[in-house]
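Just so it is clear: chains get the letters A, B, ... in the order the sequence lines come, proteins before strands, and each one is counted from 1. What's counted below: heavy atoms across the whole structure, side chains too, no hydrogens, waters or symmetry copies.
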Number of protein chains: 2
Amino acid sequence: MWISRRTDYATRAMLALTLAGGATPMRLQDLADRTAVPLSVLEQIMPVLRTAGVVRSERGRSGGYRLNHPPEKITLEAVVRLFEGQLAPIACATRKEPEPCPMMGGCSLRSVWEEIRDATIERLDRTTFADLAAGAAGPWLDPSKMELVD
Amino acid sequence: MWISRRTDYATRAMLALTLAGGATPMRLQDLADRTAVPLSVLEQIMPVLRTAGVVRSERGRSGGYRLNHPPEKITLEAVVRLFEGQLAPIACATRKEPEPCPMMGGCSLRSVWEEIRDATIERLDRTTFADLAAGAAGPWLDPSKMELVD
DNA sequence: ATGAATGTTGATAGTATCTATAAAGATTGT
DNA sequence: ACAATCTTTATAGATACTATCAACATTCAT
């Protein structure tokens, strides 16, 4: 349960943008409708993706968002990392600047945490938004198939 | 960063108990010293392990804690799950009663979350405290090797 | 019996983080 | 000038996590 709502929303928005193709920019309101993400939250999330260079935006009349690179070049890892930061399950097992711990030397627990970290990162890094778009179906392609929830 | 401090502490305490052998029970105070976990937090954690049947305790004069089963029979998964609950990275990807989502049908993101869930559980389930004890070294075997932290 | 040593339980306070919303600002095109 | 759109900032509420403490219950040695 470590993927925050924001990360969930951001990845959904990215998938929707990928499926939109990018011939024309997509409005925040449309993004919200197509992904079932609150507009007010997208207002916070999208600028983060933009600042990171993952998407680009245009303002004014026919403005909106588009991917800033071909979807084959954008990994799920890049987007998740942007919102989650460190992907290790615990602070003593991060790749960069692991938090010191008195039990650090010869800790067999830490080895397991590191393996989980590596498996997680590997899985995310191996997946591009082109892959995700190719695997999408149902409500992702046809908004009328979105299910009402609660 | 989803492994909480409590889970960290609980797994450390379990490893210390495993290394202690169980011929004689181990006091909370000794557990705290050997694992660098605050005594007051262990007071909350150990009863949870006891109620779950993972450890057993004795009160009074020469009381303390011991494993309640051979360490080959206790998996890291069991202990982590006790404190973390669901191990899926996101609520829509749990094995039991996944949280409904409007984009559920044909969601390629969800497939990735499920794979990460499975890889994580598999790694934890494959590791027993006997394994962890066999791989432990440094401060785990010799308290004088514990490093001072901040 | 008494008392010390030990585990058990419950209350609490502080901190941090997450979520969602709203309001005001900046830019663009008609 | 105006409307549509993205941008930024402030804020409130909810939730969870962490650590500590105090009071209690049990056991054993004396």
Inset, instruction - Could you say whether A/Met26 or B/Glu58 is positioned toward the 5' end of DNA chain D, judged by the nucleotide with the nearest heavy atom to each? - result: A/Met26
Legend entry - Between D/dT27 (C1') and B/Tyr65 (OH): distance, integer Å: 14 Å
Inset, instruction - Select base, sugar-phosphate, or nothing to describe what A/Phe83 touches, counting heavy atoms under 4.0 Å on all strands. - result: nothing
Legend entry - Nearest listed nucleotide, side chain of A/Arg5, among D/dT18, D/dT7, C/dA20: C/dA20
Legend entry - Atom pair distance, as rounded to whole Å: CD1 in B/Ile45 and C1' in C/dT9: 15 Å
Inset, instruction - Tell me whether the OP1 or OP2 atom of C/dT19 has a side-chain N or O from A/Tyr9 closer than 4.0 Å. - result: no
Inset, instruction - Verify the contact: side-chain N or O of A/Arg50 to OP1 or OP2 of D/dT7, cut-off strictly under 4.0 Å; return yes or no. - result: yes
Side-chain polar contacts of residues 78-93 of chain B - donor-acceptor pairs under 3.5 angstrom, sequence neighbours left out - could you list them?
{"from": "B/Arg81", "atom 1": "NE", "to": "B/Glu77", "atom 2": "OE2", "distance (Å)": "2.7"}
{"from": "B/Arg81", "atom 1": "NH2", "to": "B/Glu77", "atom 2": "OE2", "distance (Å)": "3.2"}
{"from": "B/Glu84", "atom 1": "OE2", "to": "B/Ser4", "atom 2": "N", "distance (Å)": "2.8"}
{"from": "B/Glu84", "atom 1": "OE2", "to": "B/Ser4", "atom 2": "OG", "distance (Å)": "3.1"}
{"from": "B/Glu84", "atom 1": "OE2", "to": "B/Thr7", "atom 2": "OG1", "distance (Å)": "2.6"}

Legend entry - Side chain proximity check, A/Thr35 to A/Leu15, heavy atoms < 4.5 angstrom: no
Inset, instruction - Assign A/Ser40 to base, sugar-phosphate, or nothing according to its heavy-atom contacts below 4.0 angstrom with the strands shown. - result: base
Inset, instruction - When you get a sec, tell me which of C/dG7, C/dG10, D/dT5 is the closest nucleotide to the side chain of B/Gln44? - result: C/dG10
Inset, instruction - Nearest whole angstrom, please: distance from the P of D/dT18 to the CG of B/Leu39. - result: 17 Å
Legend entry - Pairwise side-chain contact, A/Leu132 with A/Thr18, heavy-atom cut-off 4.5 Å (strictly under): no
Legend entry - With sequence neighbours excluded, residues passing salt bridge (charged side-chain N to carboxylate O under 4.0 Å, His left out) with B/Arg6: none
Inset, instruction - Using whole Å, report how far CZ of B/Arg56 lies from P of D/dT27. - result: 15 Å
Legend entry - Given D/dT20, C/dT8, C/dT21, the nucleotide with the shortest approach to the side chain of B/Leu28: C/dT8
Inset, instruction - Report the nucleotide, chosen from D/dA25, D/dT18, D/dT7, that has the shortest atom-to-atom distance to any side-chain atom of B/Arg59. - result: D/dA25
Legend entry - A/Met103 and B/Trp140, any side-chain heavy atoms less than 4.5 Å apart: yes
Legend entry - Nearest-angstrom distance from the residue atom CD1 of A/Ile3 to P of C/dC18: 13 Å
Inset, instruction - Could you check A/Glu43 against B/Ser57 and say which one's nearest nucleotide on DNA chain C is further toward the 5' end? - result: B/Ser57
Inset, instruction - Give A/Met1 one of three labels, base, sugar-phosphate or nothing, depending on what nucleic acid heavy atoms sit under 4.0 Å from its own. - result: nothing
Legend entry - Side chain of B/Arg27 - closest among C/dA20, C/dG7, D/dT20: C/dG7
Inset, instruction - Could you state the atom-to-atom distance from CG of B/Leu31 to C1' of C/dA5 in whole Å? - result: 16 Å
Legend entry - Rounded interatomic separation in angstrom, taking CG from B/Asp30 and P from C/dA5: 14 Å
Inset, instruction - Check the distance between C/dC18's P and A/Trp2's CH2 and give it to me in whole angstrom. - result: 13 Å
